[in-house]
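Side-chain atoms are counted along with the backbone in the values below, which use heavy atoms only and exclude waters and symmetry mates. This is a predicted model, so every value here is computed, not measured.
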Amino acid sequence: MKNALARIYGRFDFIHVARWIGEGERVLDLGCGDGALLLMLQKEKKARGYGVELEPANVAACLKNGVNVLQFDLERGLLGFEDDSFDRVIMLLALQTIRQTVPILKEMLRVGREAVVSFPNFCYRPHREAIAAGRMPVSRHLPYQWFETPNVRFFTITDFEALCADEGIVIHERVAFAEGAPVTDDPNLNAELALYRLGRMS
């Protein structure tokens with residue numbers, strides 16, 4: 001079933017996110033792109049909610065896909081949403097593009113019972129090798145050259161977990177990947193992507 005869904009939706013991380021979403025949950029997807037994740041969650045989990053996206057072309061794609069979308073800049077925070085408006089607030093592969101890292105994480109956990117985030121691991125072995133060779137890394141999850149990247153934060157799995165500890169953010173679950181397969185052996189070195197389910201300190 002998992003492999004079939006991955007073929008249908010084309011994103012292995014979507015399938016892991018779906019495992020964390022209950023039937024009929026309220027979901028907010030930040031930096032939702034064309035709305036593909038929300039569309040999947042609507043079909044597979046009967047989820048309800050909204051996407052947030054800034055790029056006009058992506059907003060148009062969401063509307064075409066039948067996904068509810070709001071257009072605004074996440075650097076402004078989530079002031080338009082009340083506390084506990086959603087069961088899950090999701091941000092996939094966008095945290096590294098946000099300047100206000102700690103505020104957005106706290107906002108996600110204010111408006112949602114849990115947060116789900118993913119990011120490219122800058123400490124991944126091929127990235128280290130690129131830097132050792134004198135170049136900034138370019139890879140599937142860091143696909144931009146240094147002079148055109150939208151990323152403003154470059155951090156590692158260890159960095160992120162230290163931040164969560166410092167800020168009282170609870171890590172409920174982590175899945176790390178390389179080439180679409182889970183990594184358990186030293187993920188800070190061997191994983192290119194990390195996916196987390198986060199909660200508030202009780």
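Other residues, nucleotides and ligands contribute more than 12 heavy atoms inside 6.0 Å of the CZ atom of Phe72.
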Mind listing the side-chain donor-acceptor pairs of residues 73-83 below 3.5 Å, one per line with the distance, residues two or more places apart or on another chain?
unit_1: Asp73; atom_1: OD1; unit_2: Glu75; atom_2: N; d: 3.0
unit_1: Glu75; atom_1: OE1; unit_2: Arg99; atom_2: N; d: 3.4
unit_1: Glu75; atom_1: OE1; unit_2: Gln100; atom_2: N; d: 3.3
unit_1: Glu75; atom_1: OE2; unit_2: Arg99; atom_2: N; d: 2.6
unit_1: Asp83; atom_1: OD1; unit_2: Arg110; atom_2: NH1; d: 2.8

Using a 3.5 Å cut-off and no angle test, enumerate the donor-acceptor pairs between side-chain atoms of residues 28-35 and protein atoms at least two apart in sequence or in another chain.
unit_1: Asp34; atom_1: OD1; unit_2: Ala36; atom_2: N; d: 3.0

Under 3.5 Å, side-chain donor or acceptor atoms of residues 127-138 against the rest of the protein: list the pairs with distances, not counting sequence neighbours.
unit_1: His127; atom_1: ND1; unit_2: Asn121; atom_2: O; d: 3.0
unit_1: His127; atom_1: NE2; unit_2: Ser139; atom_2: OG; d: 3.0
unit_1: Arg128; atom_1: NE; unit_2: Cys123; atom_2: O; d: 2.8

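With rounding to the nearest 0.5 angstrom, the SG atom of Cys164 is 11.0 Å from the CZ atom of Arg174. Distance check: Leu39 CG to Lys64 NZ gives 12.5 Å after rounding to the nearest 0.5 Å. Between the CZ atom of Arg19 and the CG atom of Leu195 there is a distance of 8.5 Å, given to the nearest 0.5 Å. Note that the CZ atom of Arg113 and the CG atom of Asp87 stand 5.0 Å from one another [nearest 0.5 Å]. For the atom pair Leu142 CG and Phe122 CZ, the distance stands at 7.0 Å (nearest 0.5 Å). Here the CG atom belonging to Leu95 is positioned 10.0 Å from the CG atom belonging to Leu93, to the nearest 0.5 angstrom.
Each ring pair (Phe, Tyr, Trp, His ring centres under 6.0 Å) pair with one or both residues in residues 181-202, not counting sequence neighbours, appears once here: Phe119-Tyr196, Phe160-Tyr196.
Between the side chain of Glu53 and the backbone N or O of Glu55, at least one donor-acceptor pair lies under 3.5 Å. No donor-acceptor pair closer than 3.5 Å links the side chain of Glu114 to the backbone N or O of Arg197. Counting only distance, with no hydrogens or angles, the side chain of Lys45 and the backbone of Gly24 share no donor-acceptor pair below 3.5 Å.
Closest approach of Val183 and Ala178 over heavy atoms only: CG2-N, 3.5 Å. Residues Met108 and Val116 approach most closely at CE-O, 4.0 Å, considering heavy atoms. Considering all non-hydrogen atoms of both residues, Arg140 and Gly180 come closest at NH2-N, 3.5 Å. Closest non-hydrogen pair, Ile157 versus Ala194, comes out as CG1-CB, 3.7 Å.
Considering only heavy atoms from C-beta on, Glu25 stays 4.5 Å or farther from Lys46 through its side chain. Within the 4.5 Å cutoff, the side chain of Tyr124 has no heavy atoms near those of the Leu193 side chain. At a threshold of 4.5 Å between non-hydrogen side-chain atoms, the residues Arg88 and Ile21 count as touching. Counting heavy atoms from C-beta on, the side chains of Val69 and Leu63 come closer than 4.5 Å. Between Lys43 and Leu38 there is no side-chain heavy-atom pair separated by less than 4.5 Å. Counting heavy atoms from C-beta on, the side chains of Ile90 and Leu41 come closer than 4.5 Å. Within the 4.5 Å cutoff, the side chain of Met91 has heavy atoms near those of the Ile104 side chain. For the pair Phe155 and Gln96, the minimum side-chain heavy-atom distance is below 4.5 Å.
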- Item | Audit row: Leu109, Val89, side chain to side chain contact (heavy atoms under 4.5 Å, CB included) steps and yes/no | CA-CA 8 Å; Leu109 289 169; Val89 181; over 6 Å; no
- Task: Any chance you could lay out the side chain to side chain contact (heavy atoms under 4.5 Å, CB included) test for Gln42 and Arg48, step after step, and finish with the verdict?
- Result: CA-CA 7 Å; Gln42 288 171 4; Arg48 300 162 291 130; over 6 Å; no
- Item | Chi angles and distances behind the side chain to side chain contact (heavy atoms under 4.5 Å, CB included) call for Leu198, Val117 | CA-CA 8 Å; Leu198 306 173; Val117 301; 3.9 Å; yes
- Could you walk me through whether Asp84 and Val111 pass side chain to side chain contact (heavy atoms under 4.5 Å, CB included), step by step? CA-CA 4 Å; Asp84 297 313; Val111 305; over 6 Å; no
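Connection of Leu105 to Val52 is established within a shared hydrophobic cluster, with ILVMFWY side chains joined at heavy-atom distances below 4.5 Å, either directly or through further cluster members. Leu92 and Trp20 end up in the same hydrophobic cluster when Ile, Leu, Val, Met, Phe, Trp and Tyr side chains are linked at under 4.5 Å.
For Phe177, the ring pair (Phe, Tyr, Trp, His ring centres under 6.0 Å) test picks out Phe12, His16, with sequence neighbours left out. Evaluation of the side-chain contact (heavy atoms from CB on, under 4.5 Å) rule for Glu167 yields Val102, Lys106, Leu163, Ile169 as partners, not counting sequence neighbours.
No side-chain donor-acceptor contact under 3.5 Å links Ser118 and Asp13.
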